[in-house]
Number of protein chains: 2
Amino acid sequence: MGHTVLTVTKSPISVANRDDVARGRRAPQARTRVVVADYSSISRAGIRSILERSPSTAIVDEAKTYDAVLASVEEHAPDVLIIDLDLGDDTNKGLLVCNTVAERFPNTKILILASSVSELIVIEALRRGALGYMIKSQTTSDELIKAVRAVQEGETAFGKGIGALVSKNFGAPHSVTEQLTERELDVVKLTAQGLGNKQIAHSLFISESTVKFHIHNASIKLHTRKRAELVHRATAAGIIK
Amino acid sequence: MGHTVLTVTKSPISVANRDDVARGRRAPQARTRVVVADYSSISRAGIRSILERSPSTAIVDEAKTYDAVLASVEEHAPDVLIIDLDLGDDTNKGLLVCNTVAERFPNTKILILASSVSELIVIEALRRGALGYMIKSQTTSDELIKAVRAVQEGETAFGKGIGALVSKNFGAPHSVTEQLTERELDVVKLTAQGLGNKQIAHSLFISESTVKFHIHNASIKLHTRKRAELVHRATAAGIIK
DNA sequence: GGGCTACCTGTCCATATGGCTAGTACTCAT
DNA sequence: ATGAGTACTAGCCATATGGACAGGTAGCCC
């Protein structure tokens, strides 16, 4: 279905809209104002391109660092923040952004658009105020647009498979997910690189017993009993690369 | 820099071009014809959006399955195929696509646009005829456009960090990378889920010795001696999810 | 048939890992 | 300052894992 563009309106907002304002479908009334936070230029371009086809949304800004996200939300007070929690370094930081935005800017609804699924991250993000969670690779244009509309109206939006995770963890006691400590992280990273306890102990200047202790605790936090799965889950959660 | 769209040309090719033909910058002379293969709608939209800004490229088709890629390359004989090797199931299939395209359609240059870096995959893809390898999350719009131009002209294009991998493996004897067999894959997957040899043996109806045998062989192929690293590498290579 | 490969099984033994208990150092709120 | 909580350190012991053997079956290609 090819579309025809007739005119163009000069936009007051940087590169925020191209022909979307010009569709002539209706006057530029109340639009959902969106900030897109994603480290990848390609993803940002994709999200922009998709949302620009929808006359009900307008992208007011983009961000590619955690700081920039916060600054942008503060400046633009968007209706919806679309964010990939993994903005380069640490997914934990992404979770903190959820906290901050949810607390300080309750009018900005958070829609997570993640690169991968991790039960850990999903549950924790929702717990911290995100309303939606979609997986980039499994989200069609229409689904994305619908998800934005949903969270904008205060509803939830879950991508394929996410809903099941959510309901599974519905009655979960308290924090199903806990953060790994610095030391635990160090140890898990080295484990992923194939080092044994002895070698890890040596390279971190601690005893082998301590290495085992950290791995043990990290394992408890990620609900597993095997190093292989520990590494796998940590990777899936974006905790290690 | 807002641009102005004045007219639209009806395109013979489905959704292949929007306003790109209509930019009016110059006559639609020799353009680099591109097919984009990516499972993610968002990525495809992003790549399209970026390349449409370049007057020297035109996207003639999109594909989201391995079969569709081959069909599309056959039908459109593009100058460049931009592909994410991981089209859903198995990255191995992506590598096969490289083989096929490089052999049967030598005029189509292959540019890999991967979600993650894996030494394994990088080296293997280049060995099989890909000319460029970029990482989605670390590729800017300009870099993407330049990379397309480069491979179209028969040059190579490597994203951040990829060049180093390539030169490191320059004088590598023969196949640094080997494929895992079906059975090895089964075992590695279960290992990633935290099963022990005994449990794996039971769930695959084979003996524990055999499990160890497969893990041992898979470990050799992925150059490691620890299950944890085996799982990590297999994950990084996209061999398991 | 001979040379491949994938797949399967076993034993023996050294080492790595996981589960347990116990103790230290430090922060924080009472 | 006292008690609670948390990160960290440590030693002991059963089990899991990895390495080096030494085999056997079936299918495929030349």
Testing B:Arg225, B:His232, B:Arg233, B:Lys226 one by one against B:Glu229 for a side-chain hydrogen bond (donor to acceptor under 3.5 Å, both in side chains), which residue passes? B:Arg233
Do B:Lys241 and B:Asp86 sit within salt-bridge range, that is, some charged N less than 4.0 Å from a carboxylate O? yes
Measure from the side-chain N and O atoms of A:Arg128 to the backbone N and O of A:Asn99, and report whether any donor-acceptor pair falls under 3.5 Å. no
Between B:Ile206 and B:His214, is a side-chain contact (heavy atoms from CB on, under 4.5 Å) present by the stated rule, with each step listed? CA-CA 11 Å; B:Ile206 57 182; B:His214 288 310; 4.3 Å; yes
Measure from NZ on B:Lys221 to P on D:dG18 and round the result to the nearest Å. 17 Å
Which angle, to the nearest 10 degrees, lies between the helix axes at the two ends of the helix from C:dG1-D:dC30 to C:dT30-D:dA1, each defined by five pairs? 40°
Please examine the side chains of A:His202 and A:Gln199, heavy atoms only from C-beta on, and report whether any two atoms are closer than 4.5 Å. no
May I have the distance from B:Glu184 (atom CD) to C:dC7 (atom C1'), rounded to whole angstrom? 9 Å
For a 4.5 angstrom cut-off between non-hydrogen side-chain atoms, does B:Met134 reach B:Leu111? yes
Quick one: are A:Val35 and A:Val69 in side-chain contact, heavy atoms under 4.5 Å? no
Take atom NE2 of B:His216 and atom P of D:dA16, then tell me their distance rounded to the nearest Å. 20 Å
A:Ser72 side chain to A:Ala68 main-chain N or O, any donor-acceptor pair under 3.5 Å? no
Atom pairs under 3.5 Å, N or O on each side, protein against nucleotides 10-15 of chain D: can you list them with distances?
| residue | atom | partner | partner atom | Å |
| --- | --- | --- | --- | --- |
| D:dA10 | OP2 | A:Ser207 | N | 3.1 |
| D:dA10 | OP2 | A:Ser207 | OG | 2.4 |
| D:dA10 | OP2 | A:Thr210 | OG1 | 3.3 |
| D:dG11 | N7 | A:Ser209 | OG | 3.0 |

Specify the separation, in whole Å, of atom NZ of B:Lys226 and atom P of C:dG18. 10 Å
Taken to the nearest whole Å, CG/A:Leu195 to C1'/C:dT17 is 15 Å
Side chain to side chain donor-acceptor pair (under 3.5 Å) between B:Asn197 and B:Arg227, worked out: CA-CA 11 Å; B:Asn197 289 339; B:Arg227 306 159 91 81; 2.6 Å; yes
Are any of A:Arg227's side-chain N or O atoms less than 4.0 Å away from OP1 or OP2 of C:dA16? no
Contact under 4.0 Å: A:His214 side-chain N or O vs D:dT9 OP1/OP2: yes
Whole-Å distance separating the NE2 atom of B:His202 from the P atom of C:dT9: 13 Å
Atom-pair distance (CG on A:Asn217; P on C:dC20), nearest Å: 13 Å
D:dA16 phosphate, OP1 or OP2: any side-chain N/O from B:Asn197 under 4.0 angstrom? no
Can you tell me if the side-chain N/O atoms of A:Thr181 get under 4.0 Å from OP1 or OP2 in D:dC8? yes
note: A:Ile215, atom CD1; C:dA16, atom C1'; distance rounded to Å ~ 10 Å
